[in-house]
Amino acid sequence: VRQDATGAFPAALAPQADALARQITLAGARLSFAIVSGQFINALKARPGMVEDVRQVHDPKTRLDWLQRGNQVQNPYLGKAMERLGTFVR
């Protein structure tokens, strides 16, 4: 993110990505991941087609979104018990 020469990602994303990498608890990692995911989603909305094979998924329980590849939902927020909970947005 820090070396993004295209300017596709907002400067605020780098410190948030660093914060995610420093998390030592699952709850903290999930919160940081939600923030980073939101920023990535907004960046990709501003530049459609920038990344191929990436889909936005929405978790109706937490009301959070994330990006992922593949056709099987892999929910990062609710653990193994609900890893398939989510709906593809695009």
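As the structure is a computational prediction, the values presented were derived from the model and not from experiment. Note: hydrogens, waters and symmetry copies are ignored here, and every other heavy atom, side chains too, is used. For this chain, numbers begin at 1 and follow the sequence in order.
Legend: residues meeting side-chain hydrogen bond (donor to acceptor under 3.5 Å, both in side chains) with Q56, ordered by chain and number and at least two apart, are D65, R90.
Placement of F40 and V89 in two distinct hydrophobic clusters is found when ILVMFWY residues are connected by side-chain heavy-atom separations under 4.5 Å, directly or transitively.
Atoms CD1 and CG, on I41 and L67 in that order, are 4.5 Å from each other to the nearest 0.5 Å. We find the CD1-CG distance between I35 and L13 to be 11.0 Å, quoted to the nearest 0.5 Å.
Of all heavy-atom pairs between V51 and R69, the closest is CG1-NH2, 3.7 Å. What you find for G70 and R55 is that their closest heavy atoms are O-CD, 3.8 Å. The two residues N71 and F88 have their closest heavy-atom pair at O-CE1, 3.5 Å. Shown here for A19 and Q23, the closest heavy-atom pair between the two residues is O-NE2, 3.0 Å. Between P60 and H58 the shortest heavy-atom distance is CD-O, 3.5 Å.
When atom types are taken as modelled, the side chain of R84 and the backbone of V73 share a donor-acceptor pair closer than 3.5 angstrom.
Note on residues 59-82: pairs passing ring-ring contact (aromatic ring centres under 6.0 Å, His included), not counting sequence neighbours, are F33-Y77, W66-Y77.
Screening V57, T62, L64, L85 for a side-chain contact (heavy atoms from CB on, under 4.5 Å) involving N75 leaves a single residue, L85.
Here the side chains of Q39 and Q16 are in contact, with some heavy-atom distance below 4.5 Å.
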